[in-house]
Protein chains: 2
Amino acid sequence: MSVGHIGTPTPLVLNEDCPTREVLDRVGDKWSVLVIVLLGQRTHRFNELHRTIEGISQRMLTLTVRALERDGLVNRTIYPTVPPRVDYELTELGRTLLVPLEALNTWANSHRDDIRAARERHDAETADRTVQASG
Amino acid sequence: MSVGHIGTPTPLVLNEDCPTREVLDRVGDKWSVLVIVLLGQRTHRFNELHRTIEGISQRMLTLTVRALERDGLVNRTIYPTVPPRVDYELTELGRTLLVPLEALNTWANSHRDDIRAARERHDAETADRTVQASG
DNA sequence: CAGCATCCAACCAGATACTG
DNA sequence: CAGTATCTGGTTGGATGCTG
């Protein structure tokens with residue numbers, strides 16, 4: 001590259017191409033991680049996931065597993081039986097994702113209290129200022 | 001605990017208390033990671049972040065850094081000068097988060113192509129079925 | 001059992017205008 | 001410079017009813 005005038009030293013700009021963001025777009029939503037963690041333990045059927053993940057709607061579970069399947073993280077196996085049966089399991093790619101997810105989980109467990117403490121401290125200070133402002 | 005009848009073997013249920021989800025609620029949004037990564041390099045001023053993070057609005061940047069500050073991940077320093085100056089930097093807690101984030105980043109870089117390939121394959125198959133269905 | 005289709009409410013987030 | 005306030009369109013996601 002022959003660009004690079006003196007005084008224009010490549011303006012650093014971060015956009016949505018950041019690969020970490022790309023992963024978080026898939027995994028950072030409300031349900032994906034829970035599904036991945038469950039499938040990391042063993043294969044699950046649709047209603048198993050549905051029962052185990054508290055609060056997820058049928059619709060959201062469908063959308064979540066479909067997105068994970070699309071990205072090659074989850075395999076979806078349909079058994080042509082009556083009643084129908086569909087198994088979900090992690091692909092090999094999906095299992096490799098468990099590793100960094102586990103790192104995140106470790107961090108979360110280690111610093112959960114730190115975050116809660118910081119949050120309460122911050123909220124208390126904010127409340128102080130509100131009292132001062134209104135008093 | 002004296003519960004535990006035979007046949008009711010503790011129903012495993014995952015809810016939003018999953019610590020990984022707790023982290024992802026903070027970090028999994030559209031902008032937090034970009035802010036954290038930038039602050040991992042050095043202290044930044046508000047408009048530095050604003051210029052460097054492509055596409056973020058002033059409002060979203062404010063909300064993002066405020067949330068990170070509330071959770072003790074980012075320090076906000078106000079200099080009472082004219083014009084005003086506000087510096088943002090990672091706290092020690094915030095710097096520890098860089099480690100698992102780096103793991104995620106490594107995974108993302110390693111498997112970016114896998115995901116894209118899976119996605120294209122999936123989309124192609126879906127298109128196939130659409131063609132078959134309409135033909 | 002494992003979904004899909006539809007409707008609708010709530011929240012999110014961008015644009016714009018204004019302020020200390 | 002570093003925000004706040006308000007409005008509003010767009011997306012997300014739950015509820016419900018129906019199907020192979």
Side-chain angles (χ1 to χ4, degrees), chain A residues 14-16 21 24-35 38-39 43-70 74-89 122 125-126 129-130 132-134, chain B residues 14-16 21 24-35 38-39 43-70 74-89 122 125-126 129-130 132-134:
Chain A
L14 261 56
N15 53 27
E16 63 292 339
R21 271 294 322 287
L24 288 172
D25 278 346
R26 167 67 42 248
V27 144
D29 67 273
K30 206 176 178 187
W31 306 113
S32 292
V33 167
L34 296 179
V35 171
L38 277 179
L39 297 185
T43 296
H44 282 70
R45 299 180 59 173
F46 185 87
N47 273 353
E48 283 183 317
L49 294 172
H50 193 196
R51 277 191 304 270
T52 309
I53 301 176
E54 193 163 88
I56 195 172
S57 65
Q58 212 173 35
R59 170 190 155 88
M60 287 314 297
L61 180 54
T62 300
L63 293 178
T64 301
V65 293
R66 287 297 208 281
L68 293 173
E69 186 199 9
R70 176 169 183 260
V74 162
N75 268 335
R76 181 163 167 269
T77 310
I78 309 170
Y79 297 94
T81 58
V82 150
R85 170 198 180 119
V86 180
D87 276 2
Y88 293 92
E89 61 181 340
H122 179 92
E125 287 168 14
T126 302
R129 267 186 243 109
T130 305
Q132 287 176 17
S134 64
Chain B
L14 262 55
N15 51 27
E16 64 291 338
R21 271 293 322 287
L24 288 172
D25 279 346
R26 166 67 40 250
V27 144
D29 68 274
K30 207 176 178 187
W31 306 112
S32 291
V33 167
L34 296 179
V35 171
L38 277 180
L39 296 185
T43 296
H44 281 71
R45 299 180 59 173
F46 185 86
N47 272 354
E48 282 182 318
L49 294 171
H50 194 197
R51 277 191 303 271
T52 309
I53 302 176
E54 194 163 87
I56 196 171
S57 63
Q58 213 172 31
R59 169 191 155 90
M60 288 314 296
L61 180 55
T62 300
L63 292 178
T64 301
V65 292
R66 288 296 210 280
L68 293 173
E69 186 201 9
R70 175 167 183 262
V74 162
N75 268 335
R76 181 163 168 269
T77 309
I78 309 171
Y79 297 93
T81 58
V82 150
R85 170 197 180 120
V86 179
D87 276 2
Y88 294 92
E89 61 182 340
H122 179 92
E125 288 169 13
T126 302
R129 265 185 243 110
T130 305
Q132 288 174 15
S134 65

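Below, read A as the first sequence line, B as the second, and so on, with proteins coming before strands; counting in each chain starts at 1.
Relative to the side chain of A/T62, the nucleotides C/dG3, D/dC1, D/dG13 differ in distance, and C/dG3 lies closest. Each of C/dC1, D/dA2, C/dG14 was ranked by its minimum atom distance to the side chain of A/N47; first place goes to C/dC1. Which of D/dG3, C/dG20, C/dC4 sits closest to the side chain of B/R76 comes down to D/dG3. Between C/dC1, D/dG3, D/dC1, one nucleotide has an atom nearer to the side chain of A/R45 than all others, and that is C/dC1.
Not one N or O on the side chain of A/T43 forms a donor-acceptor pair closer than 3.5 Å with the backbone of A/D87. A/R45 places no side-chain N or O within donor-acceptor distance of the main-chain N or O of A/R85, the cut-off being under 3.5 Å.
Close to C/dG14, at under 4.0 Å from its OP1 or OP2, lies a side-chain N or O of B/K30. The side chain of B/R66 places an N or O atom within less than 4.0 Å of a non-bridging phosphate oxygen (OP1 or OP2) of D/dT4. The phosphate of D/dC1 (OP1 or OP2) has no side-chain N or O of B/Y88 nearer than 4.0 angstrom.
Taking atom CG of residue A/L63 and atom C1' of nucleotide C/dG3, one finds them 11 Å apart after rounding to whole Å. In this entry the distance linking NE2 of A/H50 with P of C/dC1 reads 12 Å, nearest Å. Across the protein-nucleic acid pair, B/R51 atom CZ and D/dG3 atom P stand 14 Å apart, rounded to whole Å. Atom CD1 in A/I56 sits about 12 Å away from atom P in C/dG3, given to the nearest Å. If you take CG of A/L61 and C1' of D/dG14, they are 14 Å apart, rounded to a whole angstrom. Straight-line distance from the CD1 atom of B/I78 to the C1' atom of D/dC1: 12 Å, rounded to whole Å. Rounded to whole angstrom, the span from the CE atom of B/M60 across to the P atom of C/dC12 amounts to 9 Å. The separation between A/R85 atom CZ and C/dG3 atom C1' is 16 Å, rounded to whole Å.
B/R59 comes within contact range of at least one nucleobase, with a heavy-atom separation under 4.0 Å. Among the protein residues, B/Y79 comes within range of no part of the nucleic acid, since none of its heavy atoms lies under 4.0 Å from any strand.
With contacts defined as side-chain heavy-atom distances shorter than 4.5 Å, the pair A/L68/A/R66 does not qualify. No side-chain heavy atom of B/V86 sits under 4.5 Å from any side-chain heavy atom of B/Y79.
Comparing A/Q58 and A/D29 by the nucleotide of DNA chain D that holds the closest heavy atom to each, the one mapping nearer the 5' end is A/D29.
What you find for B/L61 and B/F46 is that their closest heavy atoms are CD2-O, 3.5 Å.
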